[in-house]
Each structure stands twice: as C-alpha cells, then as structure tokens.
Amino acid sequence: MATALLLGGCSLAPPHKPPALDGGLGWRGAAPEGWVSTEAHRAWEEGRWWTLFGDAGLDALMPRVALGNQNLAAAAARVAQAQALLRQAQAQLVPTLGAQLSTQRGGRPANGSASLGLSASWAPDLWGRIASNVEGSRANVQASQADLAGARLAAQASLAQAWFSLREAEAEGALLDEIIQGYRRALTITQNNYDAGIVARTDVLQAQSTLESALSTRTGLERARDTYEHAIALLVGEVPSRFALTPARWVRNAPEVPPVLPAQLLLRRPDVAAAERAVASANAGIGAARAAWFPSLNLSLGAGGAAAGLAQLLSAPHLTWSLGASVAQTLLDGGARSAAVDQAVAAHRIATANYRQSALSAIGEVEDQLTALAALQDQIAHAAAAAEAATGAEERTLNSYRAGISAFTAVVTAQATALSARRSLMQLQLQRQQAAIALIQALGGGWQAPWSAAPPD
C-alpha cells in the first residue's frame with residue numbers, strides 16, 4: 001500500500017513548456033501615440049473595449065450579446081461539458097465502493113435467507129496514467145474557456161461592425177436626402193428655363209436622370225441599413241421581425257493606434273491561448289500512453305455473509321471478509337503500445353505546429369490592421385479635402401448655370417463629383433472604425449489589463 005501511494009505521484013509525461021515563439025516578434029506598422037500598452041496575458045474577459053468608441057447606443061446594446069447569442073450559449077455548454085469530463089477523470093483516482101443486500105422468504109417461517117455483501121476496489125495510479133488524463137482534461141477545460149472567450153469576442157466585434165455600418169448607412173441616407181432636395185430644386189429650375197425657351201430639353205432629361213439615380217441609391221442604402229439591423233438582431237438573439245433600432249447620429253470616433261504593441265499581447269488572444277492549452281493536453285497524452293508499458297495494480301476488499309434472516313446475518317459468525325491484490329502486465333501486444341506512444345508524440349507535434357501557426361496568423365492580422373489604419377488616416381485627410389473642394393465647385397457651377405454662363409452638363413458633373421467625394425469620405429471613416437475593431441479583435445480584445453487600469457503618465 002505504501003509503495004502504491006509513493007508511486008502514485010509519478011508521471012511519465014514530459015515537463016510541459018509552451019512552445020517558444022520568436023522573441024524578436026514585432027510590428028512594422030508605426031503608430032502615433034494614444035493607446036495604452038501592457039504585457040498582461042489572457043485578460044480578454046475583463047475588457048470593455050467598445051467603450052473606446054464613445055457611442056452610448058453601442059454601449060447599451062453590447063451586454064445583450066452575452067444574454068441572447070446562441071453561439072455563446074453553445075460555447076458555454078461546451079465548457080460545462082469539459083468540466084464534467086474533468087470531474088469524471090478525477091473520479092478514477094478515488095476508490096470505488098459497492099454494497100449488495102438481499103432477502104428471501106419461503107412458504108414457511110423457517111424458510112428464509114438474507115445476504116449482505118460489501119466490496120471496495122482501488123487501482124493506484126502507479127505511473128501517472130490517470131494523473132496525465134486529468135491534466136489533459138484540465139487543459140481541455142481551459143481551452144474550452146478560451147474558445148468561449150473567443151466566441152464572445154467575435155460576437156462583440158461583429159455587433160460593433162454591424163452597428164457602425166448601420167449608422168454609416170443612415171448618415172449616407174441623410175446626406176442623400178439633403179442632396180435629393182437640391183436635385184429636385186435643380187430640376188425645377190431647369191424645367192422653368194426650358195418652359196421659358198432658355199435651355200434645351202436635354203438639360204431637363206439630365207436633371208431627371210440625376211435625381212432618379214440618387215433616389216435609386218437611397219433605396220439601396222435603406223436596404224443595406226435593414227440588413228445590418230437584421231444581423232444585429234441575430235447577434236443579440238432576437239427575431240429580426242420583432243427587433244428595431246431607432247435612427248441615431250453616427251458617432252465617427254475611432255481610437256488611435258498605441259505607440260507600443262508588444263508581441264506578448266498575442267498570448268491574450270483566446271484562439272492562441274486555446275492552441276497553447278491543446279499543446280498541454282497533447283503533452284499529457286504522451287504520459288498516459290507511456291504508462292501503458294508498466295504493470296497495473298488493483299487492490300480489492302470484500303466483506304459479507306449469509307444467514308436465515310437479517311438478525312442472524314449481523315452476528316459475527318456469519319460474516320466473512322477478504323483482502324486481495326492483483327498485478328497485470330501486457331507482455332505482447334504486437335506493437336500497439338509503441339504505436340500509441342508514437343501517436344501521442346505526433347499529436348503533440350501537431351498541436352505545437354498549430355500553436356505556432358496561430359501566433360503567426362495573429363501577427364499577420366495585427367500587421368494588416370496597423371497598415372490599414374495608417375493608410376486610412378492619410379486617405380481620410382485627402383478625402384476630406386477633396387469633399388470640401390468638390391462641394392465648393394458644385395456651388396459655383398450651379399451659380400454659373402443659373403446666371404446662364406455654364407451648361408447644365410457641367411452642373412451634373414459637379415454634382416456627381418461632390419456626391420461621390422462626400423460618400424467616399426464617409427465610407428473611409430467607416431473603414432477606419434472597422435479596422436480599429438479588427439485590430440482590437442486581433443489583439444484579443446484590447447490592450448488594457450485590467451480594463452480599469454489608468455494609462456501611465
């Protein structure tokens with residue numbers, strides 16, 4: 001018994017160390033100041049990253065994702081399932097106890113019998129096989145928890161993307177409503193000039209074409225807005241037909257890129273954390289496979305007895321007991337155990353490669369969004385200048401046409417250019433918000449841990 005207890009602490013699994021990543025990993029994208037950097041890992045459950053955008057409507061809607069999203073409900077159930085499997089694995093470390101009691105009576109009072117049996121058995125974990133399975137199950141629980149955090153982060157990011165897309169569509173629609181009013185006035189002026197014999201019928205047709213094209217675009221924006229609303233409804237677990245968002249002002253804020261983004265932030269990404277836990281689980285599998293090469297010990301204890309009745313059964317002369325031990329060892333299996341060890345080692349290599357690939361993919365995603373944000377900053381500056389110039393040109397051209405100096409074709413061209421420039425500016429501003437959301441998601445949900453930490457002086 002003492003030997004069994006001492007050997008129970010043994011483990012044949014290799015010491016687990018997370019696969020090393022290149023310590024020189026970094027980002028090529030330069031970043032202006034603005035964000036807080038941190039090297040704290042796996043703080044993805046603490047972040048309220050969406051508040052950085054300063055949109056009260058989004059802040060109020062985001063908690064509904066955790067309450068109604070069915071993908072998150074399924075992920076939470078998988079965590080509970082993994083926790084149950086862990087408890088099941090831990091139960092193998094505890095002895096089992098059984099009891100059996102039976103009575104029987106015949107046609108006469110003297111005819112009767114009673115029997116009682118108690119049994120206990122325990123298979124000490126001499127070589128750490130069960131402990132390895134427990135460690136693997138524990139790593140699987142942690143991986144499922146990381147998967148839950150990843151699903152939560154993905155749902156939150158999708159909601160933010162859809163929210164800002166919806167508000168941008170509303171803003172574009174309001175812009176078009178304003179422009180359509182101008183187009184209607186231009187059509188009225190052109191029609192009056194035509195009726196007075198000042199302009200040709202072609203000018204009227206061009207004005208009508210410009211107005212109808214804008215109306216068509218407006219209808220398309222309404223459809224896009226409804227599509228985003230339906231997507232938001234599904235993300236919060238609502239039926240689209242019973243879900244509606246009141247039109248609101250588009251908050252165009254986007255957080256600035258931090259001056260420092262340490263590569264260690266990748267370790268807080270749920271998918272990278274889950275991949276690392278898969279390596280730990282595979283490492284434990286090696287220990288369980290190696291333990292099959294060694295003998296197993298089973299200890300048993302039994303007690304019981306039989307008598308004519310329950311009263312006699314409980315008396316000492318009728319009780320018996322037994323204590324036993326058995327050792328089993330597989331002598332020949334055709335290489336099955338060796339193949340199982342090789343399979344476990346190969347599974348560990350696969351998990352290690354997947355972990356490193358997850359980190360590389362994360363680096364690529366961060367680089368893409370840093371590059372996008374840097375480029376969008378310049379694009380927005382140029383687009384804003386272009387929109388301002390195009391709007392001024394449109395006003396001057398329309399005034400010239402009213403004065404009879406310019407042809408209406410020049411007005412149509414100026415109006416189309418101004419509309420395109422103003423819409424392009426809005427779309428670039430939306431892209432900046434979407435890139436910021438994608439970068440936050442690529443970093444595992446932000447860069448502050450805990451979220452309430454104050455930025456350094």
Side-chain angles (χ1 to χ4, degrees), residues 1-21 78-79 81-98 118-147 272-302 322-359:
M1 180 70 72
T3 302
L5 291 173
L6 290 174
L7 290 176
C10 296
S11 175
L12 299 177
H16 171 65
K17 294 182 179 179
L21 300 175
R78 283 190 286 271
V79 172
Q81 183 182 43
Q83 291 171 334
L85 290 173
L86 172 59
R87 294 195 301 271
Q88 186 178 18
Q90 291 171 329
Q92 298 181 47
L93 295 169
V94 181
T96 60
L97 178 65
L118 298 175
S119 62
S121 65
W122 179 42
D125 189 23
L126 299 182
W127 315 108
R129 179 186 63 83
I130 298 176
S132 294
N133 289 333
V134 169
E135 186 61 30
S137 296
R138 183 176 290 109
N140 289 335
V141 169
Q142 294 166 340
S144 65
Q145 290 171 336
D147 290 337
V272 175
E276 188 275 328
R277 290 290 82 198
V279 176
S281 178
N283 185 76
I286 296 176
R290 287 176 176 175
W293 283 96
F294 297 88
S296 60
L297 173 65
N298 187 74
L299 303 176
S300 61
L301 173 64
S322 64
L323 177 65
S326 63
V327 178
Q329 171 65 49
T330 301
L331 300 178
L332 183 65
D333 62 2
R337 289 171 295 174
S338 178
V341 172
D342 291 343
Q343 181 183 13
V345 171
H348 183 267
R349 291 174 180 169
I350 292 172
T352 299
N354 289 338
Y355 169 65
R356 288 175 173 154
Q357 184 59 46
S358 296

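The first residue in the sequence is number 1, and the count goes up from there. Small disclaimer: the values here were computed from a predicted structure and weren't measured.
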Does anything in residues 87-96 form a side-chain hydrogen bond (donor to acceptor under 3.5 Å, both in side chains)? List the pairs, not counting sequence neighbours.
T96-S121

Taking every non-hydrogen atom, the tightest pair across Y355 and V279
CB-CG2, 3.9 Å

Looking only at heavy atoms, what is the nearest atom pair of A275 and S358, with distance?
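Answer, listing the atom of A275 first, then S358: CB-OG, 3.8 Å.
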
First locate atom [atom1] of [X], then atom [atom2] of [Y], and finally report the distance between them rounded to the nearest 0.5 Å.
{"X": "Q142", "Y": "L86", "atom1": "CD", "atom2": "CG", "value": "9.5 Å"}
{"X": "H348", "Y": "N283", "atom1": "NE2", "atom2": "CG", "value": "4.5 Å"}
{"X": "S338", "Y": "R290", "atom1": "OG", "atom2": "CZ", "value": "11.5 Å"}
{"X": "N133", "Y": "L85", "atom1": "CG", "atom2": "CG", "value": "11.5 Å"}

Mind checking what makes side-chain contact (heavy atoms from CB on, under 4.5 Å) contact with [X], not counting sequence neighbours?
{"X": "V79", "result": "Q83, S144, Q145, L148"}
{"X": "L323", "result": "L301, W321"}
{"X": "A89", "result": "V134, S137"}
{"X": "A278", "result": "none"}

Mind checking salt bridge (Lys or Arg N to Asp or Glu O under 4.0 Å) for R337 and listing every partner two or more places apart, or none if nothing turns up?
D333

N140 side chain to G136 main-chain N or O, any donor-acceptor pair under 3.5 Å?
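Pair found, side chain donor or acceptor close to backbone of G136.
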
